[in-house]
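First comes the structure, then the notes that go with it.
In what follows, every chain begins at residue 1, and chains take the letters A, B, ... in the order their sequences are listed.
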Amino acid sequence: MKGLLLNDWYALKRPATLLKMAAFIIMIVVIAFFGTSPDDSTLEECRTFVACFSLMSVVVMMSFLSADEVSKWQQYYVNTPASRHAYVSEKYLLGLVMSALFSLFLSLPSLVLMLRQGSFEMKEYLLSLVLAFAVPLITVSLVFPFSLRFGTSKGAACFLIIFMVIMGALAALTVLSALFTGESKLVDFFFKTDSSVMALCVLAAAAVCFGLSWPISFAAFRHRQY
Amino acid sequence: MNAIEIKGLCKSFKDFQIDHVDLTLPGGCVVGLVGENGAGKSTTIKLILNMLFKDSGSITVLGKDNAKELDSVKEEIGVVFDESYFPPSLNPGQLGNVLKHLYKTWDDKQYRDYLAKFGLPLKKTIGKLSRGMKMKLSIIAAMSHHPKLLLLDEATSGLDPVVRDDILDMLNDFTRDEEHSVLISSHIVSDLEKICDYIAFMHKGKLVLFEEKDRLIEQYGVVHCTKEELDQIDAQAVIGRKIGSYGAEAIVLKTAVPKGMLSYPIDIEKLFIFMIKERE
């Protein structure tokens, strides 16, 4: 795994990659300080921002996988003594680390807003951190098995289909519950639940997805042909 | 011990199949796998490396079943593909650092000595190297962990004659050790003639001939004659023919050439062309 981590570290150090990451971080900082208003912005809006933008960290993680495919390094690697297990584990480990790093930046708008409103709450800040950490992990857990088995472009297509099915199901649930009960439990859960309960639920979902996805990816990659 | 043993290898695709291929790479030898584009050379090599999974048959590599035990001998196998399979953003120095952690037997000193010997810059990114330099880098990387078996898949294609000569010299050095075996696939037959002990011809997924190179050159000759004279030669002894308006040219077993008819020495390239055309 050391060799693989070193390879991805060298890829990360490329000026083009560093520039893109710097641009991303600058964008987040600008949004945190100039995109939030202490009078008008709410923490719920920040949560939505975190959940959506955290998907960008998935793009970064997938780019490591697709770079290996495009350069055919993956094909070279499977002929070295290092195992396919190690390759999968390294990508998942990288996913964990990237999610953790991105979560520090993506939770910045929530932190800045709370400080400007003079109402810092550790629970709310932790919820932003957890959302920014967990959402990409869940996404990666869904995408990686398909990408490792079929390649990144087919894997992304599979993910989009699954994503649309899940979003469609959630939207249907929301509409149906609103129709029959007059209230939307899903919207209420996202915007009105206590932060610590929501953080725990999201973290648990991410841990389960990630934990299940890892061995599935092992099996998927073991059957990959070139 | 044979470095590679393939028996009854079959693999089907939608519009192509590898059909009952039997091939042996004796230990310490160089086998050239020759065939036209699309003959199945790369597919066979991928099947040996378990990058593609066979439908039936058996493949052993350095005495190990390639489907179950190949991981245990990968330290001893060096692979060179038809183009650079390294991340283009790395430079040769960084590549060495990565490969050092993938191979227990990696010899960093040898790697860097090879880089210096062949004039490959340590700090230039692989993406900016010329095609010839990339292939040299691939071969250097394959040889720097002291493999016993080298597999080269079209490693000299698209290279100029000078670079091809350099690469063949590298392979010649490698094969001086009698424990080293090489399987090299190419459609540039003249390259293989220089270094191979055995020649294996593939055509449309089938192995049509597998013979020692020297025996092929000894056994077969080219005859120039009329069509009528050619018809007099035992058809089984003719492995390829070209009939034109001015006469016929054929490759035949020397023992079947009638008295009075001259046969000329062949080269493997001519043998290959005639065999393929005969089958079409």
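- Of the two parts of B:L99, only the side chain, counted from C-beta on, holds a non-hydrogen atom closer than 4.5 Å to a non-hydrogen atom of chain A.
- With a 4.5 Å cut-off on non-hydrogen atoms, B:F86 touches chain A through its backbone and its side chain both.
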Which donor-acceptor pairs fall under 3.5 Å between chain A and chain B:
unit_1: A:Y10; atom_1: OH; unit_2: B:N97; atom_2: ND2; d: 3.1
unit_1: A:K72; atom_1: NZ; unit_2: B:E83; atom_2: OE2; d: 2.7
unit_1: A:V78; atom_1: O; unit_2: B:K74; atom_2: NZ; d: 2.6
unit_1: A:Q225; atom_1: OE1; unit_2: B:F53; atom_2: N; d: 2.7
unit_1: A:Y226; atom_1: N; unit_2: B:M51; atom_2: O; d: 2.8
unit_1: A:Y226; atom_1: O; unit_2: B:K46; atom_2: NZ; d: 3.4

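- Scanning both residues, A:A82 and B:L102, for their nearest heavy atoms gives CB-CD2, 3.9 Å.
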